Each structure stands twice: as structure tokens, then as C-alpha cells.
There are 2 protein chains.
Amino acid sequence: MPSSPPAVPAPTPAETPTLAELMRRGDVFSDRCPSREVLQHVTSRWGVLVLVALLEGTHRFSDLRRKVAGVSERMLAQTLQWLEADGLVRRQAFPVVPPHVEYSLTGLGREAGERVQALADWIEGNLADILAARETVQRDKSANRPK
Amino acid sequence: MPSSPPAVPAPTPAETPTLAELMRRGDVFSDRCPSREVLQHVTSRWGVLVLVALLEGTHRFSDLRRKVAGVSERMLAQTLQWLEADGLVRRQAFPVVPPHVEYSLTGLGREAGERVQALADWIEGNLADILAARETVQRDKSANRPK
DNA sequence: ATAAGTACGCACACAAAGGTAAGTACCCAT
DNA sequence: ATGGGTACTTACCTTTGTGTGCGTACTTAT
């Protein structure tokens, strides 16, 4: 149980990448780097689930809606448009009535999807540990201020 | 250029996992599964960046604030509390004045962090392709409705 | 003596995310 | 003929995320 802070090891100098550098290779730690937008689309609430769902193959709009439980039509459409704009999802519309549209991953989308799936899988597999940790952390906090 | 939709391959039967099953192994596709909350914390705008930052080692609050460019004190504190509650981040406060608090990853946090880093790294490395795709997709859309 | 740094909590405000409901223009099953 | 399915869009409203500014209780640097 440490009561005094450790000594500082080494100061990290500040970095200021140019815009051109941010295009060649993004930097999520940089405030105005475009990679942050992409990150937000990919890690958005429904974006993650759509990418994982599409890893299994092409889906129609309403198939996705059923698979991704809880998503509204509005947000599913919105999310798909984000991912399509970023070149991760391909949209194929057939000129028939009633409408028929198929969504699938592009090459980029598949690569991204595999990474988000790795994360989602890990969370699913370790959910029990995480929920257990929640209890523990909560208990420890309460112990530090019993009144 | 397909103009008629392909035939359907096979209908997937509906699944309804019980709450108990959702605890042993989460299912992010299930509406009320707790894994979704965890997913949201981990993939939140600042959660991603904090996890990646902490992979490099222990950081103080203000170190994180400087490293994660653009985050406000309010949201950094909030994000850290989410991750701490989920057992991914450890908080160590020293009873000194001025305040000194150190944040680090737990075992769970490191595993999660590695996965989000893999995603962040991929996005950084493929940013150029994604930005290029944005242009292309935009152009294709405009071409389909020139007026 | 004054300013800056530290790690937050709190109140206020705004914008974005997200849900609900309705409308569209047809087809198909009952 | 009525109801449901399809792939959205739009308008309206609520919730959440997020930023800003202020206060704190001191210490260290200027």
C-alpha cells in the first residue's frame, strides 16, 4: 500500500505532426487527424455490430436489422452510410419492387471487421470476469469510505 | 451490373439465449446482454485512446490528458471511471497535496487494450486507402444521380 | 505576492446520438 | 380486401456525450 508517489522516470517531448504526415499514416492521438472520424464510425454503437455481422457474408437491410437486435431502421441506415462512405461496406441495390438491397464488406471492411470481431469476441468470452470485477471494484470503493 | 436479386440460400432460425447463458459467454447481438455496455465503454470515443495510451505504461491523470489530445478533464475522468468500474483500469491515489493519482491497466485491461490497439493501428496504417475510398464512393454516388 | 500545476466534482449548455411514428410504392399471402 | 414485408426518409422528441468554466487546497516556481 504505497503512500508516497514514485519518482518520475523520463519526460516525453511534445510532438507536432504535420497534416501531410497524418495522411500517410494517421495518428489517433492527434486532435484533428481524420483517423479519429473513421475510428468513431467503426467503433460506434451499431458500427461494431454491423461489421461483425457482415463478416459472415452478405446481408439484406432487414436481415441486418433482425440480426443486430435493438437497432432502429433509422440508425441502421445511418451507420451503413457511414461505413459505406469510408469504403468499408459495399451497397448493392436492385431496381425491383419491393426494394432489394444487399450489403457486404469490401476488402478494407473485412480487415477492419476482423479486428473489431477480435475485440467483440474477447469481451464476450471474458464477460464473466468483467462482471465479477465490477462487483469487486464497487466493494473496494465502498470500503474506503464506509460512512 | 446485376438487375435482379439472387435467390435466397437458407433461412436462419431465431435464437433466444437465456440470461444465464449470456453471463457465461456474452452475445453482443443480444439486445439486453451486459457485454454491450462493456463494448460501449471500451469503444467509446476516449475509451479507445485511453486504453491504447495505458498500454505503454502507467500514466498520471494530467499525463493522459496531454497525451490524448483534445479530451476535456470532465470526459477523461468519466472515461477512466467507466474503465475502472469494468475492471480494466487500476486507479492508485496517493494521499499527498497537490493530488497524485496513477492509472494503469489491469490484466483484463491489457488484453482488451491490445485488441483495440490492433484496430487503431490498422486504421492509422490504412488511413490513406480509406480517405481515397471516400472520394471514390462519393463520386460513384454523384454519377448515379447527376442532377 | 502571484501564477501555475494537480485531480478532480459540479452546474450549465449545446450538439450529436438515438428512438418513435408516419409515409412511400409496390408485391404477396390470407 | 386487408395485413405484412421491403428499404428507406423525414419530422419530432428524448437521452447521452461532451465542452466550458468555476471551485478546491495546497505546493512549487517566478
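This one's a predicted model, so the numbers in the text were calculated from it and none came from an experiment. Each chain gets a letter, A, B and so on, in the order the sequences are listed, and its residues count up from 1.
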| remark: In whole angstroms, the gap separating P of C:dG18 from CG of A:Leu76 amounts to 12 Å
| request: Could you pick out which residue, A:Arg66 or B:Gln78, lies toward the 5' side of DNA chain D when each is mapped onto its nearest nucleotide? | output: A:Arg66
| message | Tell me if a side-chain donor or acceptor on A:Thr136 pairs with a main-chain N or O of A:Ala132 at a distance below 3.5 Å. | response | yes
| task | Starting from P on D:dA7, measure out to CD on A:Glu84 and report it in whole angstrom. | result | 15 Å
| task | Sort out for me which residue in B:Leu83, B:Val116, B:Leu55, B:Leu88 forms a side-chain contact (heavy atoms from CB on, under 4.5 Å) with B:Val50. | result | B:Leu83
| Does B:Glu114 have any side chain to side chain donor-acceptor pair (under 3.5 Å) partners at least two apart in sequence or in another chain, and if so, which? | none
| What integer distance in Å separates A:Trp46:CH2 from C:dA17:C1'? | 11 Å
| field | Residues A:Val48, A:Val42; criterion side chain to side chain contact (heavy atoms under 4.5 Å, CB included); working and verdict | value | CA-CA 6 Å; A:Val48 174; A:Val42 170; 5.8 Å; no
| message | Is A:Arg91 close enough to D:dC8 that one of its side-chain N or O atoms is under 4.0 Å from OP1 or OP2 there? | response | yes
| request: Can you tell me the distance, in whole Å, between the CE atom of A:Met75 and the P atom of D:dC8? | output: 15 Å
| Closest-nucleotide ordering on DNA chain C, the 5'-leading residue of B:Ala77 and A:Thr79 | B:Ala77
| said: Base, sugar-phosphate or nothing for A:Gly47? Non-hydrogen atoms, less than 4.0 Å. | reply: nothing
Pick out the pairs of N or O atoms, protein on one side and nucleotides 20-30 of chain C on the other, that lie under 3.5 Å.
none

| query | For C:dA7, does either OP1 or OP2 sit under 4.0 Å from a side-chain N or O belonging to B:Arg60? | reply | yes
| note | Rounded to whole Å, the CZ-P distance (B:Arg45 to C:dA15) equals 15 Å
| field | Under 3.5 Å: donor-acceptor pair, side chain of B:Arg36, backbone of B:Phe29 | value | yes
| Rounding to a whole Å, what distance do you find between B:His41:NE2 and D:dT16:C1'? | 12 Å
| request: Please check if the side chain of B:Gln40 supplies one atom and the backbone of A:Arg45 the other of a donor-acceptor pair under 3.5 Å. | output: no
| request: Measure from CZ on B:Phe94 to C1' on D:dT27 and round the result to the nearest Å. | output: 17 Å
| message | Counting the atoms with a prime plus P, OP1 and OP2 as sugar-phosphate, which does B:Gln40 contact under 4.0 Å by heavy atoms, base, sugar-phosphate, or nothing? | response | nothing
| remark: Rounded to whole Å, the CG-C1' distance (B:Leu80 to C:dG9) equals 15 Å
| request: Just call it for A:Arg65: base, sugar-phosphate, or nothing, with non-hydrogen atoms closer than 4.0 Å on any strand. | output: nothing
| request: Determine whether B:Val101 and B:Gln92 make a side-chain contact, defined as any pair of heavy atoms from C-beta on separated by less than 4.5 Å. | output: no
